[in-house]
Structure formats: C-alpha cells, structure tokens
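To keep things clear, I will list the structure first and then write my remarks on it.
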There are 2 protein chains.
Amino acid sequence: MQMSTERNPENTRFKILKAAFAEMHQHGFQGMRVDQVLSRTGLKKGALYHHFPSKQALGYAVLEELIEKRIRELWIDPLADFDDPLEGIYVLYERIGDVWSDEFFALGCPLNKLAQEMSPIDGGFRERIGRFFRLWQKAVSQALLQGQSRGIVKPEIQPDDCALFVVAAIEGALGMTKILGDKAVYERGKGELKRYLESLRLDIESMTNDSWEEE
Amino acid sequence: MQMSTERNPENTRFKILKAAFAEMHQHGFQGMRVDQVLSRTGLKKGALYHHFPSKQALGYAVLEELIEKRIRELWIDPLADFDDPLEGIYVLYERIGDVWSDEFFALGCPLNKLAQEMSPIDGGFRERIGRFFRLWQKAVSQALLQGQSRGIVKPEIQPDDCALFVVAAIEGALGMTKILGDKAVYERGKGELKRYLESLRLDIESMTNDSWEEE
DNA sequence: CCAATAACAAACCAACTGGTCTGTCTGTGG
DNA sequence: CCACAGACAGACCAGTTGGTTTGTTATTGG
C-alpha cells in the first residue's frame, strides 16, 4: 500500500525511463543530458544512479523497454492478425498515421534515430538494434511466406528480400516525413507502398489451383 | 607557386572540411570533437577558427560543400542522362553499390544521419536538409514527369508521390544496410526497387497511341 | 519494535569542450 | 624591400558533463 507521493521504486524507475526517452528522441543519446532527464522528473542524481549504473545502461534500457517494445506492439505482433499479409502491412502503416501525433512524426522513428547515431560507435547499441531489425524483418518475411502458402502472395518472390524492402520503405517514409516536416508526406507514401505490395499479389488469372478464403 | 609544405589557405580549409566530415560521419555533429578534427589534420585551434567562425558554421559547410554536393553528383545530376527515368533510377542505385566501399555502407548515408540527429534541434540544419531533400525529390519527380510525356511511365501515377517513395526507399535501404552491417542488404534491395519501378511503367498492351523512341 | 537495507537527496569533482586571446610567421602588393 | 594583412600556433579559460561520495529517510524482514 504505497502512497503516491512517497517512495515507489518501480514508478520512479519508469519515470526516469520516460524522461530519458523524451530527451533521446529529441537530442539523441549523446545529446541527452543526465541533468535534463532529472529536471524533467524532479529527481536527483542519486535516484538515477541508484536505478541505473551509467548513462549507457539507461540508454540500453530505454531502447529495450520502451522503443523496441512499442515497435513490436505496433508493427510486429499485429501482423499475425491478418490472413492477408499484404493487407496487414498496409493497414498497420495506415494505423500509425492515425495513432501518432504530428509532434511525434516531427521527431521521427526513435529506433532509426538511435541506429543512425549509435550503430557506428557503440557495440551494445549496434547489436541490440541489429538483432531487433532482424526480428522485425523475419516477422514480415514469415507473414509473406504464409501468404504464399495461402495463395495470396506470388510464389516466385523472395519473402526475405521483400520484407527487407518493406521495413526499409517504412523507415524511409518516416524519415522523409520528419525531414520535410509534414505528416502529409507519410500519407502520400501510403499509396505507393500499396502499389508495391499489390505487385507482390498473386493475380487471379495466373492461378491454376483454386485456394482462397472469403474476401 | 605554393610549396606543398607551406601555407595554402584553400587546401587547409578543405583539409579541415574533410576531417570534419569523417568525424561527423562517425560520431554525428554533436559527437564530433573539434580537437579530434584538428588532430586528424595536424592543425591547431587557430587554424580552424580562422577559417570557420564556429563549430556550427563548420557543420553547415560540411553539409553544403561535401555531403549535398556528393549526393547531387551521384543521385540528382545523372538523372538527366537517361531517357527512361525508371531505368535511370535503377542504374544509379546499382552504381552506388559499385562505387561505395563496405566501410562507407557501414557508416550509412551522411545526409540521413545528419537529418535524424540535427533536424529537431537546429533550425539551420533543418532548413538546409529540408531544402535539399525537396530538391532531390523534385529532380526525381521531373524525370518521371518527362517519362510520362515520353510514354514510358503510366500517365495515371502522381510523379511527386512516386519520387517521394523512391527517395524514401533509397534512404531506407541505405539505413537497413548500415544497421544490418552487410552490403548484401543493399544489393538485395535492388530487385525490389526494380519491382516497384516496373509497376510504374506503361505496358505496351494498354497503349492506345504510338509514341516511343528507339529502345 | 528495531536493525538492515533500499531509495533517494545534496554537494562535490575531475575531465572535457568549444571558444578566445595573444603572438608569430609567411606571403604579397606597392 | 618593407609594411601589412592573412594564416596559423599555443596557451588559456569558463562552463558543462557524467559520475561519485556522503548523508538522510522510508520500508521491511525478523
């Protein structure tokens, strides 16, 4: 039975994480200042260095517990809900446009930002980010593979390559949106992503066997 | 008649620019240390602050005189050499794979890196980078438009949107290549880019009027 | 109820960082 | 040939930064 104004270690830790995320999203990991994170939370150095051994460890925690978690929830896990992976990818892309605020688009994808900044100079970040992108790619690839076995996706395409391109296109679109400073840029990418996805679809005419669900 | 070991202001300035670019490419602008740039060149503080009023001004100079210049030479200017813009975009993508070294791929696109890092926190960078990406997009868009008038590109597509997607896909592919740490990733994106580009091509069957060059 | 420990606060510090200031040398126009 | 400005060197500095140390308070197991 903890009182809200009194000590609550888990909540304190999470508050630090959120503040650190906000700072990293804006200034990058190197640009993030520990003092700034603290002033956001009202806490002091003692609190931060009690929960995290170093700034680097704090960065890793933000990456794994906030950034990767959110992307998994938004891009990876929901893929399994769709029978048609091509529709699934498109709908997820569309959904992000509704969920994210304009300010969030202006700051861009935090994972990509961290990747661009830290991959070349910190092995810990590089490994974690690389591992996660491989996971993401594999999830898309698996969905496409399943789409092939269901007679939705062309059998001659390479799911791995297509998944790579899809993830690249998503990150690229988010990047362009951030750079050009207009959420409409993201929306305009939607149609082109659809065009690419439809080019992966097995058209009815070229089908020899009959196998589809309802749609 | 300057001796190579003696004073040569233009050369000195360029040496600083190149060193600063290398540092920025690896550590980012904020991560770049003035002292490190200097030790790369063998020069001292006096030299740098004689040629550049501040670290920020040095960053702007690197962006405009090295980064944007190179991208213009590699991605924008050569577009005009192709009668078929779809082939042109593809060939340029292909050409980069041959020109850039593995180490350069590992460091990724310096413009995107700078954009991700500095856009949210520095108006000077934001404006310059935004302006340049608009230039790039417009160049691709113009090429596609010309392709339409030549009966190569489907008349119903929006050149602006497609150009946006092309640039996004290129940057995305470079980003994925950097993150996954394998130049092969870039090569594997080639085929998917081609698939997208071909989806923009006006197929012969659907043509009503006869208008093509040689090919 | 009482140590023992977890959860913080507050002051402090050494290293670093961009930038300045003064001085020196080199090339050059008159 | 010589004054003068451009091109740099080298020492110096104030502010910042991540991290530490010590002290204080709340929480909890026995």
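In what follows, every chain begins at residue 1, and chains take the letters A, B, ... in the order their sequences are listed.
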(request) For the helix from C/dC1-D/dG30 to C/dG30-D/dC1, measure the angle between the helix axis at one end and the axis at the other, each built from five pairs, rounding to 10°. (result)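 Rounded value for the end-axis angle: 10°.
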Would you kindly give the [atom1]-to-[atom2] distance between [X] and [N], to the nearest whole Å?
{"X": "A/N8", "N": "D/dA26", "atom1": "CG", "atom2": "P", "value": "15 Å"}
{"X": "B/F29", "N": "C/dG18", "atom1": "CZ", "atom2": "C1'", "value": "10 Å"}
{"X": "B/M32", "N": "C/dG19", "atom1": "CE", "atom2": "P", "value": "9 Å"}
{"X": "B/N11", "N": "D/dA7", "atom1": "CG", "atom2": "P", "value": "13 Å"}
{"X": "A/Q30", "N": "D/dT16", "atom1": "CD", "atom2": "C1'", "value": "16 Å"}
{"X": "A/L48", "N": "C/dA10", "atom1": "CG", "atom2": "C1'", "value": "15 Å"}

(message) Below 4.0 angstrom, which residues in residues 51-58 of chain B have at least one non-hydrogen atom near DNA chain D?
(response)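 Going residue by residue through residues 51-58 of chain B, the ones with a heavy atom under 4.0 Å of DNA chain D turn out to be B/H51.
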(message) Can you see whether A/Y90 has A/K194 sitting over its ring - NZ or CZ less than 6.0 Å from the centre and within 45° of the normal?
(response) yes
(request) Check whether more than 12 heavy atoms from other residues, nucleotides or ligands sit under 6.0 Å from atom CZ of A/R134, and answer yes or no. (result) yes
(request) Step through the shown structure and confirm whether more than 12 heavy atoms of other residues, nucleotides or ligands are within 6.0 Å of NZ on B/K138. (result)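 No, NZ of B/K138 has 12 or fewer neighbouring heavy atoms, counting only those of other groups under 6.0 Å.
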(request) Looking only at side-chain atoms of B/K44, point me to the closest of D/dA9, D/dC8, D/dG18. (result)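 For the B/K44 side chain, the nearest candidate turns out to be D/dA9.
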(request) Select one nucleotide: of C/dG18, C/dC8, D/dA9, the one nearest the side-chain heavy atoms of A/L43. (result)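 For A/L43, the side-chain atoms sit closest to C/dC8.
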(request) Starting from the C-alpha separation in whole Å, work towards a yes-or-no answer on side-chain contact (heavy atoms from CB on, under 4.5 Å) for B/L197 and B/I89. (result) CA-CA 8 Å; B/L197 291 171; B/I89 293 167; 4.0 Å; yes
Output a table of donor-acceptor pairs, distance under 3.5 Å, between side-chain atoms of residues 51-61 of chain B and any protein atom two or more places apart or on a different chain; print 'none' if there are none.
unit_1	atom_1	unit_2	atom_2	d
B/S54	OG	B/Q56	N	3.4
B/S54	OG	B/A57	N	3.1
B/K55	NZ	B/F29	O	3.1
B/K55	NZ	B/Q30	O	3.4
B/K55	NZ	B/M32	O	3.0
B/Q56	NE2	B/Y60	OH	3.2
B/Q56	NE2	B/D122	OD2	2.7
B/Y60	OH	B/D122	OD1	2.7

(message) Consider side-chain contact (heavy atoms from CB on, under 4.5 Å). Of A/L43, A/L17, A/T41, A/L48, which one does A/T12 pass it with?
(response)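 In the set A/L43, A/L17, A/T41, A/L48, the residue that makes a side-chain contact (heavy atoms from CB on, under 4.5 Å) with A/T12 is A/L43.
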(request) Using atom types as modelled and distance alone, determine if a side-chain donor or acceptor of B/D84 lies under 3.5 Å from a backbone N or O of B/E87. (result) yes
Would you say [N] has OP1 or OP2 under 4.0 Å from some side-chain N or O of [X]?
{"X": "A/H50", "N": "C/dC8", "answer": "no"}
{"X": "A/T12", "N": "C/dA7", "answer": "no"}
{"X": "A/R33", "N": "D/dG18", "answer": "yes"}

(request) Check the angle between the aromatic planes of B/W136 and B/F133 and answer parallel, tilted or perpendicular using the 30° and 60° thresholds. (result)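 The arrangement is parallel - the two ring planes meet at less than 30°.
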(message) Classify the ring geometry of B/F105 against B/W100: parallel below 30°, tilted from 30° to 60°, perpendicular beyond 60°.
(response)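 Aromatic pair B/F105/B/W100 classed perpendicular.
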(request) Please figure out whether A/G31 or B/E10 has its closest DNA chain D nucleotide nearer the 5' end. (result)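 Its nucleotide being nearer the 5' end, the pick is B/E10.
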(message) Should the side chain of B/K45 and the base of D/dG10 be counted as holding a donor-acceptor pair, with the cut-off at 3.5 Å?
(response) no
